[in-house]
Protein chains: 2
Amino acid sequence: MATGRNHRPATSRSRGIPEATVARLPLYLRALTALSERSVPTVSSEELASAAGVNSAKLRKDFSYLGSYGTRGVGYDVEYLVYQISRELGLTQDWPVVIVGIGNLGAALANYGGFASRGFRVAALIDADPSLAGKPVAGIPVQHTDELEKIISDNGVSIGVIATPAGAAQQVCDRLVAAGITSILNFAPTVLSVPEGVDVRKVDLSIELQILAFHEQRKAGEEPTGAASEADTAPPAAPPAVAVAKRPPESGSDGDLPAVMPA
Amino acid sequence: MATGRNHRPATSRSRGIPEATVARLPLYLRALTALSERSVPTVSSEELASAAGVNSAKLRKDFSYLGSYGTRGVGYDVEYLVYQISRELGLTQDWPVVIVGIGNLGAALANYGGFASRGFRVAALIDADPSLAGKPVAGIPVQHTDELEKIISDNGVSIGVIATPAGAAQQVCDRLVAAGITSILNFAPTVLSVPEGVDVRKVDLSIELQILAFHEQRKAGEEPTGAASEADTAPPAAPPAVAVAKRPPESGSDGDLPAVMPA
DNA sequence: GTCTGTGAAGGAGTTCACAGCT
DNA sequence: AGCTGTGAACTCCTTCACAGAC
């Protein structure tokens, strides 16, 4: 999963919904929406689970945290569940969102159909490049960073998306938070530090690939050759302390940006 | 985290590295690379942990799975750790990657600097739109979907990135798998079904926002007003079975695409 | 004295398996 | 008979706290 976690330690006594369950609700919602469009009236936990890519026990347990909206011997009413999950996720209200950093990625996000169809509305696009100002992207004119605070308070925005290069992210984050934003979706490959009470979720494209590479590597070393590479079994058990790096230290600047700032 | 999990049930007896640890290795690697560029020779678990956004106990435990490369009383040698983690993740080798679907998102991915700086190399960009064929994106000419199988086998590609609209994703996935791809990073909002042995990781933009909205909603209903909205406390405890949806069923097609296919 | 490495305790999430309702 | 709802077992992950190496 492409996700950085960052949330209250779940210590609060609240008899709330487990994080893992919350993270799956959007999956269920998507599957249910598809069923709804096909006018399917009810689903069993088995059917819905397979459409959402989970197993049915998990799904039933998840729904039990929401209050158990099914009927034994029958299944779940599709429309009713769509409503309940939407409400639980807060999607029955309108969430204005600002996107900061309108490079390729920012533009992709602005064009993303999945936002509008849920409760999200792109309230503004913001970029530091003055030459972008006024240009429409996905039908919305880009505004300059100078306007950031005004845009946020005028529109009552509480969710911000950061799609800037890594170097600008913390600074943008600070301004968003100061302006009143309390939830941030961060696409820049940086760890953002935020005050208590602000939620950050992270999507990091290269991390996901690295995780895939890890598993891919394992596959390669499994069946085919008996000749395991030196890396496969146990690491050089001796803790070498002052050891030297065996590899050219990957010099050259990292250039670790998500998409591009307009050149 | 924006991540769909999908991996072998971890039942295999292997004394392997826990998934949760693998998912953090890229974070450590990023922080270490930054230290390396500043020529910092060693770090303590505390310092590195805070740079990576985790706590130090977790970090030490994680490293203990790799074989404990630190020195008590001192810390970790930065260069050496960079090497060990890179090796563990399989980044000391070259991973050719194809990106299918060159809309805004595909273009953003092609331009993404974080790939090249790790072991990844964009071997080809593929799109179904003939009018895109030959046009360079991020310096790489887009090729037509017809070439997909040939590209993959010619370049020995084992990792594919799907950035097409949802409707095309499963079909593209099937072709990728048939052509020999064994790891897929999926940006399309669909559950892909793949045969045993193929890894899929999912990044879903709208899911992340929905999770934020959930928490945002909670915040709103916490301190400020004592007047809790009807949604806040317990759900309508009665399991209404045949209940009617209380909300207009969000009609209108979902339009659930990630970025755009070239119009 | 400092900081790592790691057993042991604790907590979160998943799966099992069956009781209970329709 | 069929399918949900859920305690209980189990597995995975995190945190604690301190022994051990420098």
Side-chain angles (χ1 to χ4, degrees), chain A residues 1 5-25 28 42-50 52-77 80-81 84 235 237-243, chain B residues 1 3 5-25 28 42-50 52-78 80-81 84 235 237-243:
Chain A
M1 189 157 43
R5 212 144 292 182
N6 178 349
H7 212 251
R8 79 192 71 176
T11 35
S12 44
R13 75 291 166 220
S14 81
R15 157 235 41 108
I17 300 172
E19 267 301 304
T21 295
V22 173
R24 280 187 295 267
L25 293 182
Y28 301 143
T42 59
V43 264
S44 67
S45 62
E46 201 71 56
E47 293 163 336
L48 182 52
S50 99
V54 304
N55 71 51
S56 64
K58 201 183 288 189
L59 177 144
R60 289 200 303 278
K61 180 65 93 176
D62 283 342
F63 286 175
S64 82
Y65 294 119
L66 307 187
S68 301
Y69 299 123
T71 308
R72 292 169 205 236
V74 179
Y76 300 89
D77 180 276
Y80 188 69
L81 247 194
Q84 288 299 343
V242 204
Chain B
M1 145 175 56
T3 294
R5 214 145 290 181
N6 179 350
H7 213 249
R8 78 194 69 177
T11 34
S12 44
R13 75 290 167 223
S14 82
R15 158 234 40 110
I17 301 172
E19 268 301 305
T21 295
V22 172
R24 280 187 295 268
L25 293 182
Y28 301 144
T42 58
V43 263
S44 68
S45 62
E46 201 71 55
E47 291 163 336
L48 182 53
S50 99
V54 304
N55 71 51
S56 64
K58 201 183 288 187
L59 176 143
R60 288 201 303 277
K61 181 63 93 175
D62 284 342
F63 287 175
S64 81
Y65 293 119
L66 307 187
S68 302
Y69 299 125
T71 307
R72 292 170 204 236
V74 179
Y76 300 90
D77 181 276
V78 171
Y80 188 69
L81 248 194
Q84 288 299 344
V242 205

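In the text below, chain A, chain B and the rest are named by the order of the sequence lines, each starting its count at 1.
- Residue B:Ser44 has its side chain nearest to C:dT4 when only D:dT14, D:dG5, C:dT4 are considered.
- When all heavy atoms of A:Thr42 and A:Asp77 are compared, the closest pair comes out as CG2-CA, 4.2 Å.
- Distance A:Leu59 CG to D:dG5 P: 10 Å, rounded to the nearest Å.
- The two atoms that bring A:Leu81 and A:Phe63 nearest to each other are CD1-CE1, 3.4 Å, heavy atoms only.
- Note: NZ (A:Lys58) to P (D:dC12) measures 13 Å, nearest angstrom.
- Remark: B:Ser45 is in phosphate contact with C:dT4, judged by side-chain N or O atoms under 4.0 Å from OP1 or OP2.
- Between B:Leu81 atom CG and C:dG5 atom P there is a gap of 9 Å when expressed in whole angstrom units.
- Put simply, OH on B:Tyr76 is 13 Å from C1' on D:dA21, counting in whole angstrom units.
- Residue A:Ser68 has a polar side-chain atom (N or O) positioned under 4.0 Å from OP1 or OP2 of D:dT6.
- The side chain of B:Asn55 contributes no N or O atom lying less than 4.0 Å from OP1 or OP2 of D:dT14.
- Shortest non-hydrogen contact noted between A:Ala52 and A:Tyr28 is CB-CD2, 3.8 Å.
- A donor-acceptor contact under 3.5 angstrom links the side-chain atoms of B:Arg72 to the base of D:dG20.
- Atom CD in B:Glu46 sits roughly 13 Å away from atom P in C:dT2 (whole-Å rounding).
- Looking at A:Tyr76 and A:Arg60, their side chains come closer than 4.5 Å, going by heavy atoms from C-beta outward.
- OP1 or OP2 of C:dC16 has not a single side-chain nitrogen or oxygen of A:Arg60 nearer than 4.0 Å.
- When the nucleotides C:dT14, C:dG7, D:dC13 are ranked by their closest atom to the side chain of B:Ala20, D:dC13 comes out on top.
- Smallest separation of non-hydrogen atoms from A:Asp62 and A:Arg24: OD2-NE, 2.7 Å.
- Here C:dT14 presents its P atom at 7 Å from CG of A:Asp62, a figure rounded to the nearest Å.
- In this structure, B:Leu66 places its CG atom 10 Å from P of C:dG5, rounding to the nearest Å.
- Along DNA chain C, the nucleotide nearest A:Pro18 and the nucleotide nearest A:Val74 are compared for position; the residue whose nucleotide lies closer to the 5' end is A:Pro18.
- One interatomic measurement links the two molecules: CZ of A:Phe63 to P of D:dG5, which rounds to 9 Å at whole-angstrom precision.
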